[in-house]
Peer 1: 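So that we are looking at the same thing, I have put the structure below in C-alpha coordinates.
Lettering of chains follows the sequences in order, A, B, ..., and the numbering in each one begins at 1.
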There are 2 protein chains.
Amino acid sequence: MEKLVVIGLGLIGGSLALDLKLRMNFKVVGVDQNPAHVKKALELGFIDEEGSLDDLSYASVVIIAVPVNVIGEVSKQVLNVIGKDTLVFDVGSVKNEICKAVEQHPKRKNFVAAHPMAGTEFSGPEAAILNLFDDKVNIICEADKTDWRILDHAISLFKQLNMHIKMMNPVEHDRHIAYVSHLSHVSSFMLGKTVLEIEKNEEAIFDMASTGFASTVRLAKSSSSTWTPIFLENKENLIKSLNEYIKNLKEFKKMVEDDDAKGLNDTMDGTNYIKTVLNGIK
Amino acid sequence: MEKLVVIGLGLIGGSLALDLKLRMNFKVVGVDQNPAHVKKALELGFIDEEGSLDDLSYASVVIIAVPVNVIGEVSKQVLNVIGKDTLVFDVGSVKNEICKAVEQHPKRKNFVAAHPMAGTEFSGPEAAILNLFDDKVNIICEADKTDWRILDHAISLFKQLNMHIKMMNPVEHDRHIAYVSHLSHVSSFMLGKTVLEIEKNEEAIFDMASTGFASTVRLAKSSSSTWTPIFLENKENLIKSLNEYIKNLKEFKKMVEDDDAKGLNDTMDGTNYIKTVLNGIK
(Lines give C-alpha, C1' and ligand atoms only; values in the text may rest on other atoms or scores of the structure.)
Protein backbone atom coordinates (compact mmCIF):
# COMPACT_ATOMS: atom_id res chain seq x y z
CA MET A 1 0.00 0.00 0.00
CA GLU A 2 1.44 3.34 -1.06
CA LYS A 3 2.11 5.80 1.72
CA LEU A 4 0.98 9.42 1.74
CA VAL A 5 2.53 11.71 4.34
CA VAL A 6 0.59 14.84 5.25
CA ILE A 7 2.45 17.53 7.19
CA GLY A 8 0.04 19.96 8.81
CA LEU A 9 -3.34 18.46 9.68
CA GLY A 10 -5.61 21.48 9.29
CA LEU A 11 -8.38 22.36 6.85
CA ILE A 12 -6.37 21.85 3.66
CA GLY A 13 -4.05 19.03 4.75
CA GLY A 14 -6.93 17.20 6.41
CA SER A 15 -9.27 17.57 3.43
CA LEU A 16 -6.55 16.33 1.05
CA ALA A 17 -5.87 13.35 3.31
CA LEU A 18 -9.58 12.54 3.47
CA ASP A 19 -10.16 12.59 -0.29
CA LEU A 20 -6.90 10.94 -1.35
CA LYS A 21 -7.31 8.16 1.20
CA LEU A 22 -10.82 7.41 -0.02
CA ARG A 23 -10.17 7.79 -3.73
CA MET A 24 -6.69 6.25 -3.98
CA ASN A 25 -6.48 3.91 -1.04
CA PHE A 26 -3.31 5.43 0.43
CA LYS A 27 -2.05 4.58 3.87
CA VAL A 28 -1.87 8.07 5.39
CA VAL A 29 0.84 9.15 7.83
CA GLY A 30 0.20 12.42 9.65
CA VAL A 31 2.69 14.93 11.03
CA ASP A 32 1.77 17.99 13.08
CA GLN A 33 3.59 20.01 15.75
CA ASN A 34 0.38 20.09 17.75
CA PRO A 35 -0.24 16.70 19.46
CA ALA A 36 -3.95 17.54 19.82
CA HIS A 37 -4.22 17.83 16.02
CA VAL A 38 -2.62 14.41 15.54
CA LYS A 39 -4.94 12.86 18.11
CA LYS A 40 -7.99 14.44 16.50
CA ALA A 41 -6.90 13.38 12.97
CA LEU A 42 -6.50 9.77 14.19
CA GLU A 43 -9.92 9.92 15.85
CA LEU A 44 -11.53 11.35 12.71
CA GLY A 45 -9.77 8.59 10.79
CA PHE A 46 -8.21 10.62 7.99
CA ILE A 47 -4.72 9.55 9.07
CA ASP A 48 -3.72 6.00 9.90
CA GLU A 49 -0.68 6.73 12.03
CA GLU A 50 1.61 9.46 13.27
CA GLY A 51 4.94 10.05 11.53
CA SER A 52 8.00 12.26 11.84
CA LEU A 53 10.29 14.23 9.55
CA ASP A 54 13.33 12.06 10.34
CA ASP A 55 12.99 9.70 7.41
CA LEU A 56 10.50 9.97 4.56
CA SER A 57 12.22 7.59 2.14
CA TYR A 58 9.21 5.26 2.37
CA ALA A 59 6.76 7.94 1.19
CA SER A 60 5.22 7.86 -2.24
CA VAL A 61 3.77 11.35 -1.77
CA VAL A 62 4.41 14.10 0.81
CA ILE A 63 2.03 17.04 1.16
CA ILE A 64 3.21 20.17 2.98
CA ALA A 65 0.20 22.00 4.40
CA VAL A 66 1.75 24.13 7.15
CA PRO A 67 1.46 27.95 7.47
CA VAL A 68 3.11 29.72 4.51
CA ASN A 69 5.90 31.29 6.53
CA VAL A 70 7.35 27.87 7.38
CA ILE A 71 6.65 26.04 4.11
CA GLY A 72 10.05 26.96 2.66
CA GLU A 73 11.99 25.54 5.63
CA VAL A 74 9.82 22.45 6.00
CA SER A 75 10.07 21.78 2.25
CA LYS A 76 13.87 21.77 2.41
CA GLN A 77 13.85 19.45 5.43
CA VAL A 78 11.47 17.12 3.63
CA LEU A 79 13.46 17.11 0.39
CA ASN A 80 16.54 16.11 2.44
CA VAL A 81 14.97 12.85 3.59
CA ILE A 82 12.73 11.61 0.75
CA GLY A 83 13.32 8.76 -1.68
CA LYS A 84 14.35 9.43 -5.27
CA ASP A 85 10.82 8.95 -6.67
CA THR A 86 8.89 10.72 -3.90
CA LEU A 87 6.52 13.47 -5.02
CA VAL A 88 6.49 16.46 -2.63
CA PHE A 89 4.02 19.28 -3.03
CA ASP A 90 3.03 22.25 -0.92
CA VAL A 91 -0.34 24.01 -0.84
CA GLY A 92 0.66 27.54 0.19
CA SER A 93 -1.37 30.48 -1.06
CA VAL A 94 1.75 32.64 -1.57
CA LYS A 95 4.25 31.10 -3.97
CA ASN A 96 7.24 33.28 -4.79
CA GLU A 97 9.13 32.96 -1.49
CA ILE A 98 8.53 29.22 -1.45
CA CYS A 99 9.81 28.78 -5.00
CA LYS A 100 12.92 30.77 -4.09
CA ALA A 101 13.47 28.75 -0.90
CA VAL A 102 13.69 25.42 -2.73
CA GLU A 103 15.25 26.72 -5.96
CA GLN A 104 18.78 25.55 -5.22
CA HIS A 105 17.90 22.32 -3.42
CA PRO A 106 19.45 19.24 -5.05
CA LYS A 107 16.04 17.56 -4.96
CA ARG A 108 14.12 20.54 -6.43
CA LYS A 109 12.99 18.20 -9.20
CA ASN A 110 10.91 16.22 -6.69
CA PHE A 111 8.96 19.31 -5.66
CA VAL A 112 5.75 20.78 -7.06
CA ALA A 113 4.75 24.30 -5.94
CA ALA A 114 0.96 24.12 -5.89
CA HIS A 115 -1.93 26.27 -4.76
CA PRO A 116 -5.20 24.37 -4.67
CA MET A 117 -7.70 27.23 -4.63
CA ALA A 118 -10.26 25.91 -2.22
CA GLY A 119 -11.10 26.47 1.40
CA THR A 120 -13.66 27.49 3.96
CA GLU A 121 -13.55 29.93 6.86
CA PHE A 122 -12.94 27.09 9.31
CA SER A 123 -9.64 25.64 10.53
CA GLY A 124 -8.00 22.69 12.28
CA PRO A 125 -8.52 18.94 11.72
CA GLU A 126 -12.26 19.22 12.47
CA ALA A 127 -12.57 21.52 9.45
CA ALA A 128 -11.48 18.75 7.04
CA ILE A 129 -14.29 17.97 4.61
CA LEU A 130 -14.88 15.65 1.67
CA ASN A 131 -14.93 16.92 -1.92
CA LEU A 132 -13.44 20.30 -1.05
CA PHE A 133 -11.34 20.37 -4.21
CA ASP A 134 -13.80 19.12 -6.82
CA ASP A 135 -14.09 21.48 -9.79
CA LYS A 136 -11.67 23.98 -8.22
CA VAL A 137 -8.50 25.36 -9.80
CA ASN A 138 -5.03 24.20 -8.76
CA ILE A 139 -2.24 26.60 -9.72
CA ILE A 140 1.20 25.12 -10.30
CA CYS A 141 4.22 27.43 -10.35
CA GLU A 142 7.57 26.83 -12.04
CA ALA A 143 6.45 23.45 -13.33
CA ASP A 144 9.52 23.37 -15.58
CA LYS A 145 11.70 22.93 -12.48
CA THR A 146 9.96 19.67 -11.60
CA ASP A 147 10.97 16.32 -13.11
CA TRP A 148 8.35 15.43 -15.74
CA ARG A 149 7.49 12.07 -14.13
CA ILE A 150 7.05 13.70 -10.71
CA LEU A 151 4.89 16.42 -12.25
CA ASP A 152 2.84 13.82 -14.10
CA HIS A 153 2.34 11.99 -10.79
CA ALA A 154 1.11 15.21 -9.18
CA ILE A 155 -1.25 15.92 -12.07
CA SER A 156 -2.71 12.42 -11.74
CA LEU A 157 -3.45 13.07 -8.05
CA PHE A 158 -4.98 16.47 -8.78
CA LYS A 159 -7.18 14.90 -11.46
CA GLN A 160 -8.33 12.26 -8.95
CA LEU A 161 -9.44 15.26 -6.89
CA ASN A 162 -11.27 16.59 -9.99
CA MET A 163 -9.22 19.77 -10.02
CA HIS A 164 -8.50 22.02 -13.00
CA ILE A 165 -4.83 22.76 -13.48
CA LYS A 166 -3.32 26.12 -14.41
CA MET A 167 0.39 26.87 -14.80
CA MET A 168 1.51 30.29 -13.59
CA ASN A 169 4.61 32.31 -12.86
CA PRO A 170 4.94 32.69 -9.04
CA VAL A 171 5.38 36.48 -9.19
CA GLU A 172 2.21 36.81 -11.26
CA HIS A 173 0.43 34.36 -8.98
CA ASP A 174 1.21 36.39 -5.87
CA ARG A 175 0.17 39.65 -7.52
CA HIS A 176 -3.20 38.27 -8.68
CA ILE A 177 -3.94 36.40 -5.48
CA ALA A 178 -3.43 39.56 -3.38
CA TYR A 179 -6.45 41.04 -5.15
CA VAL A 180 -8.82 38.14 -5.52
CA SER A 181 -8.16 36.34 -2.25
CA HIS A 182 -6.06 38.22 0.28
CA LEU A 183 -7.81 41.59 -0.17
CA SER A 184 -11.21 39.86 0.19
CA HIS A 185 -10.08 38.53 3.56
CA VAL A 186 -8.85 41.90 4.82
CA SER A 187 -12.00 43.69 3.65
CA SER A 188 -14.14 41.12 5.40
CA PHE A 189 -12.08 41.17 8.63
CA MET A 190 -12.23 44.95 8.78
CA LEU A 191 -15.98 44.96 8.09
CA GLY A 192 -16.43 42.58 11.02
CA LYS A 193 -14.19 44.72 13.24
CA THR A 194 -15.98 47.96 12.33
CA VAL A 195 -19.41 46.52 13.01
CA LEU A 196 -18.33 44.89 16.28
CA GLU A 197 -16.80 48.15 17.54
CA ILE A 198 -19.97 50.12 16.91
CA GLU A 199 -22.63 47.56 17.60
CA LYS A 200 -21.77 47.03 21.24
CA ASN A 201 -25.30 45.80 21.69
CA GLU A 202 -25.16 42.25 20.38
CA GLU A 203 -28.87 41.89 20.14
CA ALA A 204 -28.89 44.58 17.49
CA ILE A 205 -26.41 42.68 15.35
CA PHE A 206 -28.33 39.50 15.86
CA ASP A 207 -31.49 41.11 14.59
CA MET A 208 -29.99 43.21 11.86
CA ALA A 209 -27.54 40.78 10.37
CA SER A 210 -29.37 40.20 7.13
CA THR A 211 -27.94 37.61 4.78
CA GLY A 212 -26.06 40.35 2.92
CA PHE A 213 -23.94 41.12 5.97
CA ALA A 214 -23.49 37.45 6.82
CA SER A 215 -21.95 36.57 3.45
CA THR A 216 -19.76 39.67 3.26
CA VAL A 217 -18.35 39.10 6.74
CA ARG A 218 -17.98 35.32 6.41
CA LEU A 219 -14.22 35.36 5.86
CA ALA A 220 -13.76 37.28 9.13
CA LYS A 221 -14.26 33.95 10.87
CA SER A 222 -10.97 32.71 9.40
CA SER A 223 -7.98 31.72 11.51
CA SER A 224 -5.29 34.30 12.30
CA SER A 225 -2.64 31.57 12.46
CA THR A 226 -3.28 30.84 8.78
CA TRP A 227 -3.75 34.41 7.61
CA THR A 228 -1.12 36.46 9.44
CA PRO A 229 1.72 34.55 7.71
CA ILE A 230 -0.05 34.83 4.35
CA PHE A 231 -0.51 38.60 4.67
CA LEU A 232 3.11 39.12 5.71
CA GLU A 233 4.47 36.76 3.05
CA ASN A 234 2.59 38.67 0.35
CA LYS A 235 3.14 42.05 2.01
CA GLU A 236 4.00 44.24 -0.97
CA ASN A 237 1.19 43.05 -3.19
CA LEU A 238 -1.31 43.22 -0.34
CA ILE A 239 -0.32 46.78 0.57
CA LYS A 240 -0.71 47.82 -3.06
CA SER A 241 -4.17 46.26 -3.24
CA LEU A 242 -5.16 47.87 0.09
CA ASN A 243 -4.03 51.28 -1.17
CA GLU A 244 -6.24 50.88 -4.24
CA TYR A 245 -9.13 49.66 -2.13
CA ILE A 246 -8.87 52.56 0.34
CA LYS A 247 -8.61 55.04 -2.54
CA ASN A 248 -11.80 53.64 -4.07
CA LEU A 249 -13.61 53.77 -0.72
CA LYS A 250 -12.60 57.42 -0.24
CA GLU A 251 -13.76 58.34 -3.75
CA PHE A 252 -17.08 56.62 -3.11
CA LYS A 253 -17.46 58.42 0.22
CA LYS A 254 -16.75 61.75 -1.52
CA MET A 255 -19.57 61.01 -3.99
CA VAL A 256 -21.94 60.33 -1.08
CA GLU A 257 -20.83 63.56 0.61
CA ASP A 258 -21.40 65.49 -2.62
CA ASP A 259 -24.83 63.89 -3.29
CA ASP A 260 -23.35 62.79 -6.58
CA ALA A 261 -26.08 60.36 -7.62
CA LYS A 262 -24.77 60.07 -11.16
CA GLY A 263 -21.26 59.21 -9.96
CA LEU A 264 -22.61 56.59 -7.55
CA ASN A 265 -24.83 55.06 -10.25
CA ASP A 266 -22.02 54.95 -12.78
CA THR A 267 -19.60 53.40 -10.27
CA MET A 268 -22.04 50.69 -9.23
CA ASP A 269 -23.23 50.01 -12.78
CA GLY A 270 -19.61 49.59 -13.87
CA THR A 271 -18.92 47.24 -10.99
CA ASN A 272 -21.98 45.14 -11.82
CA TYR A 273 -19.75 43.78 -14.60
CA ILE A 274 -18.42 41.45 -11.90
CA LYS A 275 -21.59 39.40 -12.56
CA THR A 276 -20.44 38.57 -16.07
CA VAL A 277 -16.96 37.78 -14.88
CA LEU A 278 -18.07 35.56 -12.00
CA ASN A 279 -20.55 33.61 -14.09
CA GLY A 280 -17.55 31.74 -15.41
CA ILE A 281 -16.38 30.62 -11.95
CA LYS A 282 -15.27 27.06 -11.67
CA MET B 1 -61.90 38.97 -2.57
CA GLU B 2 -59.69 41.41 -0.70
CA LYS B 3 -57.45 43.59 -2.82
CA LEU B 4 -53.75 44.11 -2.28
CA VAL B 5 -52.06 46.95 -4.15
CA VAL B 6 -48.32 46.71 -4.66
CA ILE B 7 -46.53 49.86 -5.80
CA GLY B 8 -43.08 49.05 -7.16
CA LEU B 9 -42.81 45.61 -8.75
CA GLY B 10 -39.17 44.79 -8.06
CA LEU B 11 -37.44 42.21 -5.85
CA ILE B 12 -39.20 43.17 -2.59
CA GLY B 13 -42.58 44.26 -3.94
CA GLY B 14 -42.72 41.26 -6.25
CA SER B 15 -41.73 38.75 -3.58
CA LEU B 16 -44.32 40.18 -1.16
CA ALA B 17 -47.01 39.98 -3.87
CA LEU B 18 -46.04 36.39 -4.63
CA ASP B 19 -46.20 35.16 -1.03
CA LEU B 20 -49.26 37.16 0.07
CA LYS B 21 -51.24 36.14 -3.02
CA LEU B 22 -50.48 32.48 -2.41
CA ARG B 23 -50.88 32.47 1.35
CA MET B 24 -53.84 34.86 1.74
CA ASN B 25 -55.64 34.65 -1.58
CA PHE B 26 -55.54 38.39 -2.32
CA LYS B 27 -56.43 39.82 -5.68
CA VAL B 28 -53.21 41.73 -6.43
CA VAL B 29 -53.16 45.05 -8.26
CA GLY B 30 -49.74 46.21 -9.46
CA VAL B 31 -48.47 49.75 -10.02
CA ASP B 32 -45.10 50.61 -11.52
CA GLN B 33 -43.79 53.59 -13.52
CA ASN B 34 -42.04 51.16 -15.83
CA PRO B 35 -44.57 49.52 -18.22
CA ALA B 36 -42.13 46.67 -18.87
CA HIS B 37 -42.21 45.81 -15.14
CA VAL B 38 -46.01 45.70 -15.13
CA LYS B 39 -46.03 43.50 -18.23
CA LYS B 40 -43.47 41.12 -16.71
CA ALA B 41 -45.33 40.97 -13.36
CA LEU B 42 -48.57 40.05 -15.22
CA GLU B 43 -46.71 37.40 -17.22
CA LEU B 44 -45.12 35.97 -14.09
CA GLY B 45 -48.58 36.01 -12.55
CA PHE B 46 -47.81 37.68 -9.23
CA ILE B 47 -50.18 40.54 -10.06
CA ASP B 48 -53.69 40.11 -11.48
CA GLU B 49 -54.13 43.53 -13.03
CA GLU B 50 -52.56 46.94 -13.41
CA GLY B 51 -53.75 49.80 -11.18
CA SER B 52 -53.10 53.51 -10.70
CA LEU B 53 -52.66 55.91 -7.80
CA ASP B 54 -55.84 57.86 -8.61
CA ASP B 55 -58.14 55.99 -6.27
CA LEU B 56 -57.14 53.34 -3.74
CA SER B 57 -60.31 53.40 -1.66
CA TYR B 58 -61.00 49.80 -2.70
CA ALA B 59 -57.69 48.50 -1.32
CA SER B 60 -57.47 46.44 1.81
CA VAL B 61 -53.68 46.70 1.86
CA VAL B 62 -51.21 48.93 -0.03
CA ILE B 63 -47.49 48.11 -0.08
CA ILE B 64 -45.04 50.82 -1.10
CA ALA B 65 -41.89 49.20 -2.49
CA VAL B 66 -40.35 52.00 -4.57
CA PRO B 67 -36.79 53.39 -4.16
CA VAL B 68 -36.32 55.03 -0.73
CA ASN B 69 -35.93 58.56 -2.06
CA VAL B 70 -39.49 58.59 -3.38
CA ILE B 71 -41.21 56.55 -0.63
CA GLY B 72 -42.08 59.67 1.38
CA GLU B 73 -43.85 61.39 -1.54
CA VAL B 74 -45.58 58.25 -2.78
CA SER B 75 -46.74 57.45 0.77
CA LYS B 76 -48.42 60.84 1.07
CA GLN B 77 -50.12 60.44 -2.33
CA VAL B 78 -51.34 57.00 -1.32
CA LEU B 79 -52.63 58.14 2.07
CA ASN B 80 -54.63 60.85 0.25
CA VAL B 81 -56.69 58.32 -1.70
CA ILE B 82 -57.15 55.26 0.55
CA GLY B 83 -60.22 54.12 2.43
CA LYS B 84 -60.52 54.61 6.18
CA ASP B 85 -59.54 51.00 7.01
CA THR B 86 -56.79 50.57 4.43
CA LEU B 87 -53.43 49.40 5.77
CA VAL B 88 -50.47 51.09 4.05
CA PHE B 89 -46.91 49.99 4.69
CA ASP B 90 -43.57 50.78 3.08
CA VAL B 91 -40.50 48.53 2.94
CA GLY B 92 -37.68 51.08 2.74
CA SER B 93 -34.33 50.28 4.29
CA VAL B 94 -33.86 53.85 5.60
CA LYS B 95 -36.64 54.95 7.93
CA ASN B 96 -36.15 58.37 9.52
CA GLU B 97 -36.87 60.56 6.48
CA ILE B 98 -39.92 58.46 5.62
CA CYS B 99 -41.30 58.72 9.17
CA LYS B 100 -40.81 62.49 9.03
CA ALA B 101 -42.48 62.76 5.60
CA VAL B 102 -45.76 61.19 6.76
CA GLU B 103 -45.69 62.49 10.35
CA GLN B 104 -48.22 65.29 9.83
CA HIS B 105 -50.45 63.49 7.35
CA PRO B 106 -54.08 63.27 8.51
CA LYS B 107 -54.03 59.56 7.69
CA ARG B 108 -50.72 58.82 9.46
CA LYS B 109 -52.61 56.27 11.56
CA ASN B 110 -53.15 54.09 8.48
CA PHE B 111 -49.41 53.88 7.84
CA VAL B 112 -46.84 51.37 9.12
CA ALA B 113 -43.14 52.18 8.60
CA ALA B 114 -41.61 48.75 8.03
CA HIS B 115 -38.27 47.31 7.00
CA PRO B 116 -38.49 43.62 6.16
CA MET B 117 -34.83 42.61 6.37
CA ALA B 118 -34.57 40.25 3.45
CA GLY B 119 -33.23 40.45 -0.07
CA THR B 120 -30.88 39.13 -2.67
CA GLU B 121 -28.41 40.82 -5.01
CA PHE B 122 -30.91 40.63 -7.88
CA SER B 123 -33.52 43.19 -8.92
CA GLY B 124 -36.65 43.75 -11.01
CA PRO B 125 -39.83 41.61 -11.27
CA GLU B 126 -37.81 38.56 -12.40
CA ALA B 127 -36.01 38.66 -9.04
CA ALA B 128 -39.24 37.98 -7.11
CA ILE B 129 -39.00 34.68 -5.25
CA LEU B 130 -41.15 32.62 -2.91
CA ASN B 131 -40.44 32.41 0.81
CA LEU B 132 -37.98 35.32 0.81
CA PHE B 133 -39.25 36.60 4.16
CA ASP B 134 -39.59 33.37 6.14
CA ASP B 135 -37.73 33.53 9.44
CA LYS B 136 -36.40 37.03 8.71
CA VAL B 137 -36.79 40.11 10.92
CA ASN B 138 -39.21 42.90 10.11
CA ILE B 139 -38.45 46.18 11.85
CA ILE B 140 -41.37 48.50 12.55
CA CYS B 141 -40.65 52.14 13.43
CA GLU B 142 -42.91 54.54 15.36
CA ALA B 143 -45.57 51.88 15.81
CA ASP B 144 -47.29 54.14 18.35
CA LYS B 145 -48.25 56.49 15.52
CA THR B 146 -50.27 53.74 13.82
CA ASP B 147 -53.87 52.94 14.76
CA TRP B 148 -53.82 49.74 16.82
CA ARG B 149 -56.22 47.89 14.48
CA ILE B 150 -54.17 48.85 11.42
CA LEU B 151 -50.99 47.76 13.21
CA ASP B 152 -52.61 44.50 14.23
CA HIS B 153 -53.59 43.92 10.60
CA ALA B 154 -49.98 44.52 9.51
CA ILE B 155 -48.67 42.15 12.18
CA SER B 156 -51.08 39.44 10.98
CA LEU B 157 -49.73 39.79 7.43
CA PHE B 158 -46.12 39.70 8.63
CA LYS B 159 -46.85 36.58 10.65
CA GLN B 160 -48.38 34.95 7.54
CA LEU B 161 -44.96 35.62 5.99
CA ASN B 162 -43.34 33.94 9.04
CA MET B 163 -41.43 37.08 9.97
CA HIS B 164 -40.12 38.08 13.38
CA ILE B 165 -41.18 41.54 14.45
CA LYS B 166 -38.99 44.12 16.18
CA MET B 167 -40.01 47.63 17.17
CA MET B 168 -37.34 50.29 16.80
CA ASN B 169 -36.83 54.03 16.87
CA PRO B 170 -36.16 55.23 13.26
CA VAL B 171 -33.02 57.18 14.20
CA GLU B 172 -31.57 54.09 15.89
CA HIS B 173 -32.66 51.93 12.97
CA ASP B 174 -30.83 54.09 10.44
CA ARG B 175 -27.68 54.21 12.56
CA HIS B 176 -27.54 50.42 13.00
CA ILE B 177 -28.47 49.60 9.42
CA ALA B 178 -25.65 51.81 8.08
CA TYR B 179 -23.20 49.41 9.71
CA VAL B 180 -24.75 46.01 9.20
CA SER B 181 -26.23 46.49 5.76
CA HIS B 182 -25.21 49.64 3.92
CA LEU B 183 -21.49 49.42 4.81
CA SER B 184 -21.46 45.76 3.70
CA HIS B 185 -22.73 46.84 0.31
CA VAL B 186 -20.14 49.60 -0.10
CA SER B 187 -17.27 47.35 1.01
CA SER B 188 -18.39 44.72 -1.48
CA PHE B 189 -18.87 47.19 -4.35
CA MET B 190 -15.42 48.68 -3.77
CA LEU B 191 -13.83 45.22 -3.56
CA GLY B 192 -15.37 44.41 -6.94
CA LYS B 193 -14.22 47.72 -8.38
CA THR B 194 -10.66 47.33 -7.10
CA VAL B 195 -10.32 43.82 -8.46
CA LEU B 196 -11.85 44.74 -11.84
CA GLU B 197 -9.50 47.70 -12.22
CA ILE B 198 -6.41 45.62 -11.61
CA GLU B 199 -7.39 42.32 -13.13
CA LYS B 200 -7.83 43.59 -16.66
CA ASN B 201 -7.29 40.04 -17.80
CA GLU B 202 -10.65 38.39 -17.20
CA GLU B 203 -9.32 34.92 -17.50
CA ALA B 204 -7.27 35.52 -14.37
CA ILE B 205 -10.34 36.51 -12.36
CA PHE B 206 -12.22 33.55 -13.74
CA ASP B 207 -9.52 31.18 -12.59
CA MET B 208 -8.68 32.83 -9.32
CA ALA B 209 -12.11 33.71 -8.04
CA SER B 210 -12.19 31.22 -5.22
CA THR B 211 -15.39 30.89 -3.26
CA GLY B 212 -14.05 33.36 -0.68
CA PHE B 213 -13.93 36.15 -3.22
CA ALA B 214 -17.29 35.18 -4.72
CA SER B 215 -19.16 35.49 -1.43
CA THR B 216 -17.42 38.71 -0.35
CA VAL B 217 -18.13 40.40 -3.69
CA ARG B 218 -21.68 39.07 -4.06
CA LEU B 219 -23.40 42.31 -3.05
CA ALA B 220 -21.50 44.17 -5.79
CA LYS B 221 -24.01 42.65 -8.21
CA SER B 222 -26.78 44.76 -6.62
CA SER B 223 -28.74 47.40 -8.50
CA SER B 224 -27.56 51.03 -8.43
CA SER B 225 -31.15 52.25 -8.81
CA THR B 226 -31.94 50.66 -5.44
CA TRP B 227 -28.71 51.52 -3.66
CA THR B 228 -27.85 55.07 -4.73
CA PRO B 229 -31.03 56.43 -3.08
CA ILE B 230 -30.39 54.32 0.04
CA PHE B 231 -26.81 55.56 0.41
CA LEU B 232 -27.85 59.20 -0.07
CA GLU B 233 -30.87 58.89 2.23
CA ASN B 234 -28.66 57.49 5.00
CA LYS B 235 -25.72 59.73 4.12
CA GLU B 236 -24.52 60.83 7.56
CA ASN B 237 -24.58 57.39 9.14
CA LEU B 238 -22.98 55.81 6.09
CA ILE B 239 -20.15 58.37 6.03
CA LYS B 240 -19.50 57.76 9.71
CA SER B 241 -19.34 54.00 9.15
CA LEU B 242 -17.08 54.46 6.12
CA ASN B 243 -14.71 56.64 8.13
CA GLU B 244 -14.45 53.93 10.78
CA TYR B 245 -13.97 51.26 8.14
CA ILE B 246 -11.23 53.21 6.33
CA LYS B 247 -9.50 53.90 9.66
CA ASN B 248 -9.50 50.19 10.48
CA LEU B 249 -8.16 49.30 7.02
CA LYS B 250 -5.34 51.82 7.41
CA GLU B 251 -4.42 50.48 10.85
CA PHE B 252 -4.37 46.97 9.48
CA LYS B 253 -2.21 48.05 6.55
CA LYS B 254 0.20 49.72 8.99
CA MET B 255 0.53 46.44 10.90
CA VAL B 256 1.33 44.63 7.65
CA GLU B 257 3.90 47.29 6.76
CA ASP B 258 5.48 46.97 10.22
CA ASP B 259 5.51 43.14 10.14
CA ASP B 260 3.47 43.34 13.32
CA ALA B 261 2.43 39.69 13.51
CA LYS B 262 1.14 40.05 17.06
CA GLY B 263 -1.04 43.03 16.16
CA LEU B 264 -2.46 41.19 13.14
CA ASN B 265 -3.15 38.07 15.19
CA ASP B 266 -4.83 40.02 17.97
CA THR B 267 -6.98 41.98 15.53
CA MET B 268 -8.15 38.89 13.68
CA ASP B 269 -8.67 36.87 16.86
CA GLY B 270 -10.79 39.68 18.28
CA THR B 271 -12.83 39.86 15.10
CA ASN B 272 -13.43 36.10 15.12
CA TYR B 273 -15.97 36.97 17.84
CA ILE B 274 -18.30 37.69 14.91
CA LYS B 275 -18.77 33.89 14.78
CA THR B 276 -20.46 33.88 18.16
CA VAL B 277 -22.57 36.86 17.26
CA LEU B 278 -23.69 35.51 13.90
CA ASN B 279 -24.55 32.08 15.23
CA GLY B 280 -27.74 33.66 16.51
CA ILE B 281 -28.80 34.90 13.07
CA LYS B 282 -32.41 34.42 12.24
Side-chain angles (χ1 to χ4, degrees), chain A residues 117 137 166 176 179-181 184 186-196 198-199 202 204-210 212-221 224 227-228 231-232 235 238-239 242 244-246 248-249 252-253 256 259 261 264-265 268-269 271-272 274-275 277-278 280-281, chain B residues 117 137 166 176 179-181 184 186-195 198-199 202 204-210 212-221 224 227-228 231-232 235 238-239 242 244-246 248-249 252-253 256-257 259 261 264-265 268-269 271-272 274-275 277-278 280-281:
Chain A
M117 295 202 24
V137 174
K166 182 173 171 73
H176 284 300
Y179 285 88
V180 293
S181 169
S184 299
V186 178
S187 81
S188 191
F189 266 112
M190 291 305 97
L191 177 67
K193 182 170 194 279
T194 307
V195 171
L196 281 177
I198 298 295
E199 302 286 317
E202 284 173 39
I205 306 185
F206 166 91
D207 286 345
M208 300 180 82
S210 59
F213 177 62
S215 75
T216 318
V217 85
R218 181 173 67 85
L219 300 178
K221 301 174 186 174
S224 65
W227 285 95
T228 292
F231 294 149
L232 293 178
K235 185 172 165 171
L238 179 62
I239 289 169
L242 276 168
E244 294 292 325
Y245 185 54
I246 292 167
N248 281 327
L249 284 163
F252 197 86
K253 183 172 72 108
V256 174
D259 289 311
L264 292 169
N265 280 331
M268 287 189 266
D269 291 347
T271 306
N272 282 165
I274 206 85
K275 274 189 243 189
V277 172
L278 286 181
I281 279 192
Chain B
M117 295 201 24
V137 175
K166 181 171 172 74
H176 284 299
Y179 285 88
V180 293
S181 169
S184 299
V186 178
S187 81
S188 191
F189 266 111
M190 292 305 98
L191 177 67
K193 183 170 194 279
T194 308
V195 170
I198 299 296
E199 301 286 318
E202 285 173 38
I205 305 186
F206 167 91
D207 287 346
M208 300 179 82
S210 59
F213 176 61
S215 76
T216 317
V217 87
R218 182 174 66 85
L219 300 178
K221 301 174 188 173
S224 65
W227 287 95
T228 292
F231 294 149
L232 294 179
K235 184 170 164 172
L238 179 62
I239 288 170
L242 276 168
E244 293 294 324
Y245 185 56
I246 292 168
N248 281 326
L249 283 163
F252 198 86
K253 183 173 72 113
V256 174
E257 284 165 347
D259 289 311
L264 291 170
N265 280 332
M268 287 189 267
D269 291 348
T271 306
N272 282 165
I274 205 85
K275 273 189 244 188
V277 172
L278 286 181
I281 279 195

Peer 1: Excluding sequence neighbours, so at least two apart, what forms ring-ring contact (aromatic ring centres under 6.0 Å, His included) with F231(A)?
Peer 2: W227(A), F252(B)
Peer 1: Side chains of V186(A) and V256(B): does their closest heavy-atom pair fall under 4.5 Å?
Peer 2: no
Peer 1: Shorter than 4.5 Å, heavy atoms on both sides: which option in L264(B), D269(B), N272(B) has the most such pairs with chain A?
Peer 2: N272(B)
Peer 1: Please tell me if the side chains of F213(A) and I274(B) come closer than 4.5 Å, counting only heavy atoms from C-beta onward.
Peer 2: yes
Peer 1: What are the two closest non-hydrogen atoms of S184(A) and L191(B), and how far apart are they?
Peer 2: OG-CD2, 3.7 Å
Peer 1: Using non-hydrogen atoms only, which part of I239(A) is less than 4.5 Å away from chain B: side chain, backbone, both, or neither?
Peer 2: both
Peer 1: Identify which part of L238(B) has an atom lying under 4.5 Å from any heavy atom of chain A, answering side chain, backbone, both or neither.
Peer 2: side chain
Peer 1: Counting heavy-atom pairs under 4.5 Å with chain B, which one of L242(A), D259(A), V217(A) comes out on top?
Peer 2: D259(A)
